[in-house]
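The figures here come from the full heavy-atom set of this structure, side chains too, leaving out hydrogens, waters and symmetry mates. None of these values were measured; they are calculated from a predicted model.
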Amino acid sequence: MKKYILGIFTVAVLSSCVSKQERAMKSADKNFILKAANDNFAKKKWKNALALYDRLANLVAGTDDFPNVGFNTAYANYYDKNYKLAGHQFKNFAVSFPKDPRAEEAAYMSALCYYEGSMDYNLDQSTTQSAINELQDFLNNYPNSERSKNINTLIDELSYKLEFKAYENARQYFKMAEYKAANVALENVLEDFPSTKLRPQIYDYIVKSRYELASKSVYDLKDERIESALAFTRQIEKEMPNTEVAKTALDIRQKLEKEKKDFVVVKKQTEERIAALTERQKKLEAQNADKAKTEQQVKDQIDAEKKAMQIQRDSAALSTPPPAATFKIQR
């Protein structure tokens, strides 16, 4: 019997709540709707509260209730995880009511909404950059605020997300054996984020990329790339002594030194072969030049003989008198 009565009571309460929400949604009474909306807000029924606050926007415009409705709407959207919309509403409140005692809180919550809306590192990071800008703006506008104490921590967290995404993108080139692109991309990460906490990992991939690039290099670039990789191993040992990446660098340096010695031998043999081929080419060119000269001399001699013969024929023609004139005997 008690359970039955309790069940009826529960149904009655629920029916009353639903009925109140429905009446407020249909009502034109500003005060009734406002009270119902605020009751929902206090009970953390964010969606119900937002539905009613949306109806109130025009009803309270220009009244003293307008700032409260706007402020509560922004918070309801924040708690309902509509961070982009909430951020816009908080920012609008801070700009529209700069003398309101809640303006600083609204500006802080706006920045916090951008922070909450930041996407995972493997997704588009435009929201992360926007969040950093908003948090920095709050620091600039409220440098002495108690709320500023954790802002730098949030900025560092977001900056690390950008660093990690850039690092992961660069690392993909290494995984694809695109060592030249990996080296460039990793160096860009260091340039863009000079204070990055990922420097040891980045150094590790740079030295590995340079080693792979040197060991698989074409002949003309091999010497230069070996020296570049060796120089970086020394840089790592100087900047990060007694670390795992320094141990890796030392191991790679030993491999590079052997690679360098082997290349010196190959280079010497190659230069000797090139010198021999060059000498042979010169001899062939000289022989061809002599042959061409001899052929030209024979041609010139033949041409001279032909010319002499022609002159001789022309001289004989000139020395032979023309035939005597023939006279016809008149009849």
Side-chain angles (χ1 to χ4, degrees), residues 21 24-25 27 30-165:
Q21 177 71 12
M25 288 296 294
S27 175
K30 180 195 72 172
N31 293 327
F32 179 72
I33 300 171
L34 182 59
K35 184 177 184 309
N38 290 337
D39 287 345
N40 282 327
F41 185 87
K43 294 176 182 178
K44 301 181 179 180
K45 296 180 178 180
W46 311 122
K47 294 188 185 301
N48 286 347
L50 285 169
L52 295 176
Y53 283 137
D54 186 56
R55 292 205 65 223
L56 284 166
N58 293 328
L59 295 175
V60 300
T63 70
D64 292 339
D65 292 319
F66 185 68
N68 294 330
V69 169
F71 194 72
N72 283 2
T73 299
Y75 259 115
N77 273 310
Y78 173 77
Y79 289 127
D80 203 37
K81 298 183 179 180
N82 303 316
Y83 298 122
K84 186 175 182 178
L85 179 57
H88 173 74
Q89 291 170 338
F90 277 123
K91 191 171 187 177
N92 187 56
F93 181 93
V95 172
S96 301
F97 308 104
K99 294 183 180 180
D100 191 293
R102 297 167 294 184
E104 179 189 316
E105 180 183 353
Y108 173 77
M109 288 303 300
S110 175
L112 193 62
C113 285
Y114 278 91
Y115 165 80
E116 294 289 356
S118 172
M119 306 293 282
D120 290 340
Y121 82 90
N122 57 330
L123 301 175
D124 176 56
Q125 289 303 294
S126 58
T127 55
T128 301
Q129 189 59 61
S130 296
I132 291 174
N133 294 339
E134 292 293 327
L135 290 166
Q136 189 60 54
D137 283 346
F138 182 82
L139 277 180
N140 296 339
N141 295 328
Y142 302 96
N144 300 319
S145 172
E146 284 294 316
R147 294 182 175 90
S148 296
K149 292 181 179 179
N150 73 322
I151 292 291
N152 283 323
T153 301
L154 298 181
I155 291 176
D156 287 344
E157 181 183 332
L158 294 175
S159 295
Y160 180 77
K161 190 184 291 187
L162 294 178
E163 294 170 19
F164 193 76
K165 181 178 179 65

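- Taking NE2 of His88 as the reference point, atom NZ of Lys84 lies at 10.5 Å (rounded to 0.5 Å).
- Residues passing the side-chain hydrogen bond (donor to acceptor under 3.5 Å, both in side chains) test with Ser148: none are found, sequence neighbours excluded.
- With contacts defined as side-chain heavy-atom distances shorter than 4.5 Å, the pair Leu34/Leu59 does not qualify.
- Put simply, the side chain of Leu139 reaches to within 4.5 Å of the side chain of Asn152, judged on heavy atoms.
- The two residues Gln21 and Asn48 come nearest to each other via the heavy atoms NE2-O, 3.4 Å.
- Using a 4.5 Å heavy-atom cutoff, the side chains of Phe138 and Tyr114 are not in contact.
- For Asn140, the CG atom sits in a packed shell: over 12 heavy atoms of surrounding residues, nucleotides or ligands are nearer than 6.0 Å.
- Evaluation of the salt bridge (charged side-chain N to carboxylate O under 4.0 Å, His left out) rule for Asp80 yields Lys47 as partners, not counting sequence neighbours.
- Judged as a salt bridge (charged side-chain N to carboxylate O under 4.0 Å, His left out), and not counting sequence neighbours, Glu163 has no contacts.
- When every heavy atom of Thr73 is checked against every heavy atom of Val69, the shortest pair comes out as OG1-O, 2.6 Å.
- Between the side chain of Asn141 and the backbone N or O of Asp137, at least one donor-acceptor pair lies under 3.5 Å.
- Atoms CG and CG, on Leu50 and Asn77 in that order, are 4.5 Å from each other to the nearest 0.5 Å.
- Atom CG of residue Leu154 and atom CG of residue Leu135 lie 5.5 Å apart, to the nearest 0.5 angstrom.
- In Tyr142, the OH atom is crowded: over 12 heavy atoms of neighbouring residues, nucleotides or ligands sit closer than 6.0 Å.
- Closest heavy-atom contact between Thr128 and Ser118: OG1-OG, 2.5 Å.
- Looking at Glu134 and Lys91, a side-chain N of the basic residue comes within less than 4.0 Å of a carboxylate O on the acidic one, giving a salt bridge.
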- Stepwise side-chain contact (heavy atoms from CB on, under 4.5 Å) test for Glu116 and Tyr78: CA-CA 9 Å; Glu116 294 289 356; Tyr78 173 77; 3.8 Å; yes
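- Using a 4.5 Å heavy-atom cutoff, the side chains of Asn38 and Lys35 are not in contact.
- Considering only heavy atoms from C-beta on, Asp65 stays 4.5 Å or farther from Leu56 through its side chain.
- In this structure, Phe93 and Phe71 have tilted ring planes: the angle between them lies in the 30° to 60° band.
- Applying the salt bridge (charged side-chain N to carboxylate O under 4.0 Å, His left out) criterion to Lys149, with sequence neighbours excluded, gives Glu146.
- Side-chain contact between Tyr115 and Leu158 is present, with heavy atoms from C-beta onward closer than 4.5 Å.
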Could you pull out all donor-acceptor pairs under 3.5 Å where a side-chain atom in residues 101-113 meets a protein atom, sequence neighbours excluded?
{"residue": "Arg102", "atom": "NE", "partner": "Asp100", "partner atom": "OD1", "Å": "3.1"}
{"residue": "Arg102", "atom": "NH1", "partner": "Asn68", "partner atom": "OD1", "Å": "2.9"}
{"residue": "Arg102", "atom": "NH2", "partner": "Asn68", "partner atom": "OD1", "Å": "3.0"}
{"residue": "Arg102", "atom": "NH2", "partner": "Asp100", "partner atom": "OD2", "Å": "3.2"}
{"residue": "Glu104", "atom": "OE2", "partner": "Ser145", "partner atom": "OG", "Å": "2.4"}
{"residue": "Glu104", "atom": "OE2", "partner": "Arg147", "partner atom": "NH1", "Å": "3.1"}
{"residue": "Glu105", "atom": "OE2", "partner": "Tyr75", "partner atom": "OH", "Å": "2.4"}
{"residue": "Tyr108", "atom": "OH", "partner": "Asn150", "partner atom": "ND2", "Å": "3.3"}
{"residue": "Ser110", "atom": "OG", "partner": "Gly87", "partner atom": "O", "Å": "3.1"}

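- At a threshold of 4.5 Å between non-hydrogen side-chain atoms, the residues Asn133 and Gln136 do not count as touching.
- Taking Asp156 as the reference, nothing meets the salt bridge (charged side-chain N to carboxylate O under 4.0 Å, His left out) condition, with sequence neighbours excluded.
- A salt bridge between Lys43 and Asp39 is absent, with no side-chain N of the basic residue lying under 4.0 Å from a carboxylate O of the acidic one.
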